Number of protein chains: 2
Amino acid sequence: MSSPDNGNHNIAATVFHDLRRQILSGQLAPGERLPGERELAATYGTNRNTLREAVRRLEQTRLVTVRHGQGVTVANYRRTGTMDLLSPLLEASTNLSEVAHILQDILPARVLVLEFAARLAVQRADKSDIERLRDITDLLVSAFEGRDPTVMAHGFQRWLDALIDAGHSVAIRWIANPFLEAYRDLLDRFPVLWVLDASFPSHLREFLKALEDGNEEATVAAVRSYYSNIDEAVLRTLAELRASSRT
Amino acid sequence: MSSPDNGNHNIAATVFHDLRRQILSGQLAPGERLPGERELAATYGTNRNTLREAVRRLEQTRLVTVRHGQGVTVANYRRTGTMDLLSPLLEASTNLSEVAHILQDILPARVLVLEFAARLAVQRADKSDIERLRDITDLLVSAFEGRDPTVMAHGFQRWLDALIDAGHSVAIRWIANPFLEAYRDLLDRFPVLWVLDASFPSHLREFLKALEDGNEEATVAAVRSYYSNIDEAVLRTLAELRASSRT
DNA sequence: TGAAGACGCCTGGTTGAACCAATTCTGACC
DNA sequence: GGTCAGAATTGGTTCAACCAGGCGTCTTCA
C-alpha cells in the first residue's frame, strides 16, 4: 500500500487523508476497530511516530477515538462531527447520488448562512467593504459578459469572502468557512455545477444597491432569491447527471 | 513550566491546550513565530515527538501554520478558523467583556440554527422523535417546578440533542455541535447565565404542540421567541456582571 | 468448585538520538 | 555590489527501547 496519491510530500498527511477517506466513504464503519499503530505503520510502510501523527489528526477531527490500552475505534462522526468534515465527506463520496443527498441538506443551510451574512453586512459594512464588493461585482459582470469562467469562479470566491468580511463578525466567518471550502472543492471536482443564468449580473447589481441603501430586507431577499435559484439549478443538474450516468 | 493543569494524564494534550489558550487569549499573536520544536520541547520538559503531537493538533485546528524549514507561526485564526474554536475561545477569554462581545455575535446565529433545526424537525420528525421530546419536556417542566437546577441543566442539553436529532440531518447536527459544546462549557463556567423565567414551561409546551400539529411557522416562531428572550436575558446578565465587577 | 489474584500480552504513551530535507542566513568570492 | 556555496536552523522521518493502561488467562487458594 504505497500511496503516491496527491502531490503532498508529507507522509503523515497522506496517511491521514487516506484513512479519512476510508472512514468517510464507509470502508471503515463507526464502531469498527483500526489495526494497532505498529501494524498500521507497517501497512503504510512507515514508522510508528509518523503514523501516530496521522491518527492524532483523525482524533482531532473526531473521526476516531483513541484509548490507551484499547486501541483506535472509528467514531460515530455523523453524530459528533462538525462542518469541518463537510468538504472531506463530499470528496470521499464515490457517486453522484451521495453528493446529491448531502447537498440537499447543506444548500438550504448555506442560504441561511448567507442571509445572515447579508444582514450583518447591511448593519456593519463600512465604505471600504462596499467599495470592495462593488469592485468585485464590476469584475464579475464583465467576466460574465466575456464568458470567462476562470475569472468568474475566482471572482465569485472573492465576492463571497468580501460579503463575509463586511459582516465584521468572527462568528459568521467561522460558520461560513466550511461552506466556502466545500463549495470551492466541489466546483473543482464538478465544474459542471457552476450554474449561472442570464440574471446573474442583475442579481449582483440588485444586491449591491440594496446594501448601499442600507435596506436590510431587500438585501436579504436578494441573497435568498438568488441562491435559492442557484441551489435548485445545482440539484437539478445533479439529478440530470445521475440520470445520464445510469444509462 | 510544569503544567499540572487539568486531570488529563496526557502530555501532548496538556501542551496542546496550553498553547491553544495562549494563542486564543492573545498572548501569542497571529503572525508571531513560535520557538522551534526542540526549544519548545525543552520548555515543556518533554521530548520532540510528544511536543510535535501538540503542534500538529494546533495545525489541525488551524491555529498555526507549519512549514518545513521555516518554523511554526500563529495563524490568523479569526479569518481562517471554524466554529470548533468557539468553545476554546470562550474558555480562553479572561474577562467578562470579551465573553460578552463574542456572545453578542454568536447568540443570534444560535437562534438561527435552532430555527432551522425546528423547521427540519417539523418536516422530518417521526413518532419516536416527538415522544422523546415529550418525555424530556415533562421531565424539564417538573424539574422546573421542583427548582432542581442540576436535573434542568442536564435535561436541557438532552432536549436540544433531541431537537437536533429530530431533524434527521447530518448538516444541522454538524452545524449545531460547536454551539452545543460551547453552551455546555459556558454554563459550567458561568452557572449564573442559566437564566429562566416563569414562562419556561409554557414555551416548551407551546413548541411541542406546534411540532405535533405539524405547524411549521408556529414551531419556528416558538423557538425564535423563546431564545430571543433567553439571549436578551443572558446579555443583560452579562452586562450586570460587568458593571458589578468594575465596582 | 468457584472466586481472587498474578501474570502475560495486547494496546497506546513517552523517550532520546540520529539522520534527512527545506529554508534562510552568512560570508567569501568574483 | 552582486552571486553563489555552504553553514546554520527548522521541520520531517526513522529507529529502538521502555512505560503504562486494559483485558483475558491461568494459577492458586479458600
Side-chain angles (χ1 to χ4, degrees), chain A residues 1-20 22-23 28-75, chain B residues 1-20 22-23 28-75:
Chain A
M1 199 181 288
S2 51
S3 302
D5 283 44
N6 43 36
N8 199 335
H9 290 246
N10 189 311
I11 300 177
T14 306
V15 174
F16 166 66
H17 283 119
D18 187 60
L19 287 173
R20 186 177 67 176
Q22 286 190 45
I23 293 173
L28 290 169
E32 198 169 335
R33 207 163 141 279
L34 265 63
E37 292 181 349
R38 293 161 177 85
E39 189 180 340
L40 264 183
T43 305
Y44 281 102
T46 184
N47 63 86
R48 237 185 106 198
N49 279 319
T50 300
L51 180 122
R52 271 172 68 86
E53 283 195 14
V55 174
R56 316 327 290 277
R57 289 181 67 175
L58 289 175
E59 187 186 22
Q60 188 66 20
T61 43
R62 311 188 196 205
L63 284 172
V64 301
T65 59
V66 181
R67 274 170 303 179
H68 193 171
Q70 286 184 265
V72 181
T73 55
V74 178
Chain B
M1 199 181 289
S2 48
S3 301
D5 283 47
N6 42 35
N8 198 335
H9 289 244
N10 189 309
I11 300 177
T14 305
V15 174
F16 166 67
H17 284 118
D18 187 60
L19 287 172
R20 185 176 69 176
Q22 285 190 44
I23 293 174
L28 290 170
E32 197 169 334
R33 209 164 137 279
L34 264 63
E37 291 182 349
R38 293 161 179 85
E39 189 180 340
L40 263 184
T43 305
Y44 280 102
T46 184
N47 64 85
R48 234 185 110 198
N49 281 317
T50 299
L51 181 122
R52 272 174 67 86
E53 284 196 12
V55 174
R56 316 330 285 281
R57 289 182 66 176
L58 289 175
E59 187 187 22
Q60 187 67 20
T61 43
R62 310 188 197 206
L63 284 172
V64 301
T65 60
V66 182
R67 274 170 303 179
H68 192 170
Q70 285 185 264
V72 181
T73 54
V74 178

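The model shown is predicted, which means the values in this text are computed figures rather than measured ones.
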### Query
For A:Ile11 and C:dC19, what is the distance between atoms CD1 and P respectively, to the nearest whole Å?
19 Å
### Task
Locate the shortest heavy-atom distance separating A:Val66 from A:Val72; write the atom from each residue and the value.
CG2-CG2, 4.0 Å
### Task
Check the distance between D:dG11's C1' and B:Arg56's CZ and give it to me in whole angstrom.
8 Å
### Residue B:Glu37, side-chain atoms from C-beta onward, closest of D:dT13, C:dT14, D:dG11
D:dG11
### Summary
Picking from C:dT14, D:dT10, D:dT14, the nucleotide nearest the side-chain atoms of B:Asn10 would be C:dT14
### Query
What integer distance in Å separates A:Leu58:CG from C:dG12:P?
13 Å
## Note on the structure
When rounded to whole Å, the CZ to P distance for the pair B:Phe16 and C:dT14 reads 15 Å
### Minimal non-hydrogen separation, A:Ala54 against A:Val15, with atom names
CB-CG1, 3.7 Å
### Query
Is any side-chain N or O of B:Arg38 under 3.5 Å from a base N or O of D:dG11, one able to act as donor and the other as acceptor?
yes
### Task
Side chain of A:Asn49 only, please: which of D:dG11, D:dC15, C:dT14 is the nearest?
D:dC15
### Query
Going by heavy atoms closer than 4.0 Å, what residues in residues 60-70 of chain A are next to DNA chain D?
A:His68, A:Gly69, A:Gln70
#### Entry: side-chain contact (heavy atoms from CB on, under 4.5 Å) evaluation trace for A:Asp18 with A:Tyr44
CA-CA 10 Å; A:Asp18 187 60; A:Tyr44 281 102; 2.5 Å; yes
### Task
Verify the contact: side-chain N or O of B:Arg52 to OP1 or OP2 of D:dG12, cut-off strictly under 4.0 Å; return yes or no.
yes
### Query
Just checking B:Val55: base, sugar-phosphate only, or nothing, at a heavy-atom cut-off of under 4.0 Å?
nothing
### Query
Residues in side-chain hydrogen bond (donor to acceptor under 3.5 Å, both in side chains) with A:Glu59, at least two apart?
A:Arg56
### Query
Taking CG from A:Leu51 and P from C:dT11, how many angstroms apart are they, rounded to a whole number?
13 Å
### Query
What about B:Arg48: does its side chain form a donor-acceptor pair under 3.5 Å with the base of C:dG16?
no
### Query
CG of B:Leu40 versus C1' of D:dT9: gap in Å, rounded?
15 Å
### Message
Just by distance, no angles: are the side chains of A:Asn49 and A:Glu53 close enough, under 3.5 Å, to form a donor-acceptor pair?
### Response
no
### Query
Rounded to whole angstrom units, what separation is found between the CG atom of A:Leu34 and the C1' atom of C:dT11?
13 Å
### Task
State, yes or no, whether a side-chain contact exists between A:Phe16 and A:Thr61 at a heavy-atom distance under 4.5 Å.
yes
### Query
When you check the phosphate oxygens OP1 and OP2 of D:dT14, does a side-chain N or O of A:Thr46 lie under 4.0 Å from one of them?
yes
### Residues which pass side chain to side chain contact (heavy atoms under 4.5 Å, CB included) with B:Arg67, listed by chain and number, not counting sequence neighbours
B:Gln70, B:Thr73
### Query
B:Asn47 CG to D:dC15 P: how many Å, rounded?
18 Å
## Note on the structure
With the side chain defined as heavy atoms from C-beta on, B:Thr50 is closest, among C:dT15, D:dT14, D:dG11, to C:dT15
